[in-house]
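Shown next, in structure tokens, is the structure this report addresses.
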Amino acid sequence: VSGCNSESRGALVVLEGLDRSGKTSQSSRLLTYLEGLGHSVELWRFPDRSTNVGQMISSYLSNKSQLDDHTIHLLFSANRWEKRSLMETKLKTGTTLIVDRYSYSGVAFSSAKGLGDEWCKAPEIGLLAPDLVLYLDIQPEKAAERGGYGDEKYEQLEFQRKVAQCYQVLHDASWKIVDACQPIEDIEKQLQELVLECVMACQKGKPLAN
Ligand code: DGP
Ligand code: NA
Ligand code: NA
């Protein structure tokens, strides 16, 4: 199998990190990069605020509604589940997905509130496993300096400190930790290399896992 053969599958690449770590701009740079190489690629993000569940999440994040911590946790997870079959179809038909946040955000943000790790992980079981997780590593204090936070619920230094600690215990073999305080083009270059290597491995038949 060579190049962008339609028989080969796409890669599931996830970007994770604290708020203001640069995930969103690096995700779109990756999209442009892979498109430029002629790959079939889409940029996704979670929460996907366009669905009914996503609108409930959005309302919660902007403090327009209040929900119990467990309830919102399950909604974030449901929001990933409602995109699972489309995700699988895309990957199997050769489209690479660059995904801005995924299950690791789900576990890190809820365990930062004090919910148990195992309970937080349970609803994520059976979602597709990323081929590569790019963690944009930044100190919470540095992130907070970046033009300040917006007014969404979790954008507070004290809480982001807890989230950072929770992320630290989540990393597994699929993770690559990238220093998010480097110049933006340096980060971009590193991510490009990592993603290209991953896309190639998937094209060569690396199996898709749950
Ligand atoms: P974003 O649109 O990437 O800025 O995400 C919105 C906020 O929601 C951000 O503070 C991270 C948080 N978040 C993303 N995914 C989850 C999740 O699955 N669970 C929880 N509790 N928070 C999440
Ligand atoms: Na945010
Ligand atoms: Na973001």
Side-chain angles (χ1 to χ4, degrees), residues 12-31 42-84 87 97-130 133-171 175 180 191:
L12 179 54
V13 177
V14 168
L15 280 85
E16 287 283 0
L18 298 180
D19 286 291
R20 304 219 137 253
S21 57
K23 293 181 311 312
T24 304
S25 58
Q26 291 294 343
S27 302
S28 50
R29 282 165 183 250
L30 281 172
L31 176 76
E42 289 182 14
L43 176 53
W44 286 24
R45 74 179 306 161
F46 290 108
D48 174 347
R49 302 187 193 213
S50 70
T51 69
N52 289 331
V53 172
Q55 282 165 29
M56 292 175 72
I57 294 169
S58 191
S59 159
Y60 170 84
L61 288 171
S62 56
N63 296 304
K64 291 190 187 102
S65 65
Q66 290 183 357
L67 291 168
D68 163 78
D69 290 342
H70 301 82
T71 309
I72 187 64
H73 181 83
L74 295 172
L75 288 178
F76 272 110
S77 185
N79 187 232
R80 287 183 280 276
W81 273 102
E82 62 185 343
K83 304 303 290 285
R84 189 199 181 285
M87 184 179 261
L97 301 177
I98 305 292
V99 183
D100 185 350
R101 296 193 181 282
Y102 196 57
S103 300
Y104 300 96
S105 286
V107 177
F109 280 76
S110 287
S111 56
K113 297 174 180 174
L115 302 188
D117 272 25
E118 293 311 311
W119 190 88
C120 290
K121 285 177 186 168
E124 306 299 315
I125 296 171
L127 289 174
L128 297 171
V133 178
L134 299 166
Y135 183 76
L136 296 192
D137 192 23
I138 188 168
Q139 285 180 304
E141 295 75 18
K142 285 262 159 49
E145 285 167 13
R146 293 186 164 181
Y149 294 128
D151 38 31
E152 286 211 323
K153 196 165 189 89
Y154 298 142
E155 294 177 339
Q156 293 167 31
L157 180 55
E158 207 41 58
F159 185 67
Q160 297 280 327
R161 283 197 182 108
K162 289 184 188 151
V163 174
Q165 286 177 345
C166 293
Y167 264 129
Q168 271 182 26
V169 297
L170 290 180
H171 61 86
W175 281 46
L191 298 185

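Numbering of ligands and ligand atoms starts at 1, following listing order. Computed from a prediction, not measured in an experiment: that's the story for all the values here.
A donor-acceptor distance shorter than 3.5 angstrom exists from the side chain of Arg101 to the backbone of Gly17, with no hydrogens or angles considered. Not a single donor-acceptor pair under 3.5 Å links the side chain of Tyr102 to the backbone N or O of Phe46.
Remark: distances from the non-hydrogen atoms of Arg45 to ligand 1 include one below 4.0 Å. In this structure, Arg80 has a heavy atom closer than 4.0 Å to ligand 1.
Residue contacts with ligand 1, taken as heavy atom pairs separated by less than 4.0 Å, do not involve Glu155 at all. Looking at Thr24 against ligand 1, nothing comes within 4.0 Å, counting heavy atoms.
Looking at Ser65 and Met56, their side chains never come closer than 4.5 Å, going by heavy atoms from C-beta outward. Looking at heavy atoms from C-beta onward, Tyr149 lies out of side-chain contact with Tyr154 at the 4.5 angstrom threshold.
In this structure, of Arg101, Arg49, Glu152, the residue bringing a heavy atom nearest to atom 3 (O) of ligand 1 is Arg101.
Using a 4.0 Å cut-off between charged nitrogen and carboxylate oxygen, Glu42 and Lys83 do not count as a salt-bridge pair.
Of the N or O atoms in Asp19, one or more lie within a sub-3.5 Å distance of an N or O in ligand 1.
Listed by number with element, the atoms of ligand 1 under 4.0 Å from a non-hydrogen atom of Pro47 are 5 (O), 14 (C). Short contacts between ligand 1 and Ser110, defined as distances under 4.0 Å to a heavy atom of the residue, involve ligand atoms 21 (N).
Using bins of under 30°, 30° to 60° and over 60° for the plane-to-plane angle, the ring pair Phe159/Phe109 lands in the tilted bin.
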